[in-house]
There are 2 protein chains.
Amino acid sequence: MQRKATALDVAKRAGVSRSAVSLVLNGRGDGNVAKESQDRIRQAAAELNYSPNPIALSLRNQRTRVIGIVSDEVVTSPFDGNIIGGADDVARSRGFVTVVMDTELDASRDASAVETLLDRQVDGLMYVTVGLKPLDVPQGMLRVPSVLANCIDNAPVPRLHHVIPDEVSGGREATHHLLGLGHRDIAFLAGAQTSPAAPLRVQGFRAAFEGAGLPVRADRVFLAGWDIDTGFNGAMKLLDGVSPAERPTAIMCANDRLAVGVVLAAARLGLSVPRDLSIMGYDDEFRIANTMVPALTTMALPLREMGAAAMTRLLDQVEGAGNSDGDTLETMVPCRLVVRESTGPVPSGAPN
Amino acid sequence: MQRKATALDVAKRAGVSRSAVSLVLNGRGDGNVAKESQDRIRQAAAELNYSPNPIALSLRNQRTRVIGIVSDEVVTSPFDGNIIGGADDVARSRGFVTVVMDTELDASRDASAVETLLDRQVDGLMYVTVGLKPLDVPQGMLRVPSVLANCIDNAPVPRLHHVIPDEVSGGREATHHLLGLGHRDIAFLAGAQTSPAAPLRVQGFRAAFEGAGLPVRADRVFLAGWDIDTGFNGAMKLLDGVSPAERPTAIMCANDRLAVGVVLAAARLGLSVPRDLSIMGYDDEFRIANTMVPALTTMALPLREMGAAAMTRLLDQVEGAGNSDGDTLETMVPCRLVVRESTGPVPSGAPN
DNA sequence: TTGAAAGCGTTACCAG
DNA sequence: CTGGTAACGCTTTCAA
């Protein structure tokens with residue numbers, strides 16, 4: 001491979017000096033370089049397929065146009081990859097490159113990942129987690145513009161802006177959907193206490209009942225974990241051997257995997273979904289919710305939007321866009337109800 | 001933040017020249033720099049918490065110790081992230097940093113991702129795909145040491161080494177497991193033609209039958225796609241309204257999601273798994289196969305091993321380790337049978 | 001309007 | 001054994 005053309009090559013070919021090349025190609029030609037030279041320079045650059053060496057640029061400018069993305073396990077786990085997708089869209093459209101490092105849930109690697117990135121002079125940092133959670137922010141993130149996506153600064157007084165889904169209103173709207181279908185006895189398999197998302201979604205659940213002026217059947221809320229088997233077990237407890245009159249007519253799940261378990265339990269028990277039982281998921285997990293049988297009604301997490309919002313915020317900071325609302329510390333992105341086939345009207349025989 | 005210490009700072013503090021610092025810190029001090037100076041230099045470096053600036057290093061050495069990983073959708077999709085995990089493990093352990101770029105299935109972004117990475121002088125490139133597939137290798141990858149993981153150079157005469165799972169033997173061993181349990185009528189929901197993995201797994205299926213001297217019931221092989229709903233529909237076709245004698249006693253699936261659909265169908269039909277029907281998955285998808293009810297017996301893809309093998313190979317090349325088998329173009333990594341609860345002995349009443 | 005030179009932080013070569 | 005100097009590729013300031 002022949003070596004890449006440098007600014008010097010372009011200068012020689014155009015018969016000018018390196019500085020002229022630099023000025024022209026950076027748009028500061030007018031008033032400094034003769035029109036005619038400018039044309040020759042541009043042509044020479046095109047002919048040589050010249051583009052400046054980013055490394056030399058970084059060294060010179062102390063800016064790299066690279067944004068470091070650190071994640072707990074977004075790359076290696078099946079979840080939430082679209083946050084990075086959304087962030088990367090924005091970064092690319094603004095001429096930045098993102099580099100992703102995954103620490104695979106090993107908190108001790110957080111600091112070193114950040115230091116590595118900082119060493120390489122990234123212009124900004126973003127931390128992304130799988131599932132909403134508090135984050136012990138690595139010290140290094142405070143030394144450059146930084147933002148959190150799907151996680152919250154765990155310090156006594158938070159320092160970094162975070163972009164998170166609006167879990168409370170997500171839980172509320174999901175419940176609202178079921179109430180609208182006439183359901184009154186709704187059980188909630190609420191995930192595990194390990195993520196703050198669980199209690200927030202429950203809070204929305206309660207709010208919806210209160211908002212409708214209905215009694216809150218809070219005894220219907222169970223912590224169940226996040227996986228298929230726990231959904232299955234939870235549903236069996238609610239349904240197996242229970243008379244139709246005593247059964248909840250709908251089960252809300254804190255994620256789609258729990259919902260898969262519930263559907264499985266219903267099938268096992270000969271209950272038809274949604275005729276005998278409505279089931280709601282949460283997350284709108286790609287190729288789970290939409291391909292399930294029946295396809296799951298669910299509350300979609302705004303992953304791409306979150307990533308995009310976080311990156312936009314970050315780049316505004318990096319480029320010193322002097323965004324006036326640089327002082328708010330939180331962006332909440334609404335979840336989106338996706339109605340499919342697992343929810344339907346309350347069975348006619350159900351008790352009011 | 002105070003600026004980071006440079007080699008010059010260290011030199012001043014130790015009362016020597018920059019060159020001395022460079023030599024000592026790179027282990028070439030002996031025979032060049034006085035023992036005593038060496039000590040002072042090392043101490044000064046420690047006191048200032050000095051580490052060389054990677055950017056300057058890159059500019060100077062034309063090597064960055066960065067490996068670029070390009071993927072079609074490993075980051076943003078739920079699948080195969082552990083290939084990157086395994087690759088990154090190896091890279092870090094050898095002092096390299098990986099940067100990941102995901103093109104989200106937009107082939108037109110492949111070339112530009114590679115060019116961006118090349119511009120930034122990565123020392124090597126790795127392309128990773130979700131699911132085994134042929135790859136139109138971006139031109140740029142031929143200009144630096146490169147390797148393919150989970151994909152195969154689609155050129156008439158392949159140029160890049162690839163690391164792939166041994167799908168044929170995976171299919172064979174999976175079938176072997178079922179044959180060992182006494183099953184003779186085994187149906188195979190074989191995924192979609194879009195991935196070469198499907199026909200290879202089928203090939204293994206056939207090989208197992210032949211190896212056992214049994215008639216190949218090749219009419220039992222169906223293309224079904226890769227998702228829950230297609231698994232469900234496929235299973236319904238095989239099972240619904242079919243007399244026990246005519247039913248297959250086991251269904252092998254080309255991935256775990258299909259298997260979920262099959263389990264669902266079985267539940268719907270009142271069939272007990274594995275008592276009435278054995279079900280095999282493929283992939284050992286994290287938090288699907290192991291949390292399914294019943295937990296799925298499956299053929300695990302060696303994702304981490306593949307990533308590790310590919311990166312090892314690549315770094316050997318980058319570091320010019322003169323690895324003598326640099327001429328083989330293929331590494332096959334065996335899949336691993338994981339026996340859980342969805343497979344069991346053939347029902348006693350089943351026809352021979 | 002142009003070109004020369006300094007500097008970003010490093011390493012390697014070569015006199016001393 | 002040591003330290004000065006050039007070079008990596010670029011931008012920017014300053015003098016001509």
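Per chain, numbering begins at 1; letters A, B, ... match sequence-line order. All values below were derived from every heavy atom in this structure, side-chain atoms included, with hydrogens, water molecules and symmetry-related copies excluded.
For the helix from C:dT1-D:dA16 to C:dG16-D:dC1, the rotation axes defined at the first and last 5 base pairs enclose an angle of 70°, given to the nearest 10°.
The separation between B:Leu25 atom CG and C:dG9 atom P is 16 Å, rounded to whole Å. As rounded to whole Å, 17 Å separates atom P of C:dA6 from atom CG of A:Leu59. C:dT2 atom C1' lies 10 Å from atom CD1 of A:Ile41, rounded to whole Å. Atom NZ of A:Lys12 and atom C1' of D:dG9 are 13 Å apart (whole Å). The nearest whole Å value for the distance from the CD atom in A:Gln121 to the P atom in C:dC8 is 13 Å. With rounding to whole Å, B:Arg120 atom CZ is found 14 Å from D:dG9 atom C1'.
Donor-acceptor pairing under 3.5 Å is lacking for the side chains of B:Glu330 and B:His161.
Residue-level contact check: A:Ser37 touches the backbone only, with heavy atoms under 4.0 Å from sugar-phosphate atoms and none from bases.
Residues meeting the side chain to side chain contact (heavy atoms under 4.5 Å, CB included) test with B:Leu48, sequence neighbours left out: B:Ala5, B:Asp9, B:Val10, B:Arg13. Partners of A:Ala308 according to the side chain to side chain contact (heavy atoms under 4.5 Å, CB included) rule, which considers only residues two or more places apart in sequence or in another chain, are A:Val90. In this view, B:Asp39 satisfies the side-chain hydrogen bond (donor to acceptor under 3.5 Å, both in side chains) rule with no residue, not counting sequence neighbours. Remark: B:Glu305 pairs with B:Arg336 by the salt bridge (charged side-chain N to carboxylate O under 4.0 Å, His left out) rule, at least two apart or across chains. Under the side chain to side chain contact (heavy atoms under 4.5 Å, CB included) criterion, A:Ala155 pairs with A:Asp153, A:Arg159, sequence neighbours left out.
Between B:Gln38 and D:dC1 there is no side-chain N or O to OP1 or OP2 distance below 4.0 Å.
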| query | For nucleotides 10-16 of chain C, read 5' to 3', which letter fits each nucleotide if B means a protein heavy atom sits under 4.0 Å from the base, S means only the sugar-phosphate is that close, and - means neither? | reply | BBB----
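When side chains are defined from C-beta on, A:Val16 counts as touching A:Ile41, because their heavy atoms get closer than 4.5 Å.
For residues 98-109 of chain A, the set of pairs meeting the salt bridge (charged side-chain N to carboxylate O under 4.0 Å, His left out) definition, not counting sequence neighbours, comprises A:Glu104-B:Arg304, A:Arg109-B:Asp88. Sorted by first then second residue, the salt bridge (charged side-chain N to carboxylate O under 4.0 Å, His left out) pairs that include residues 111-133 of chain A, not counting sequence neighbours, are A:Asp72-A:Lys133, A:Glu115-A:Arg143, A:Asp119-B:Lys4.
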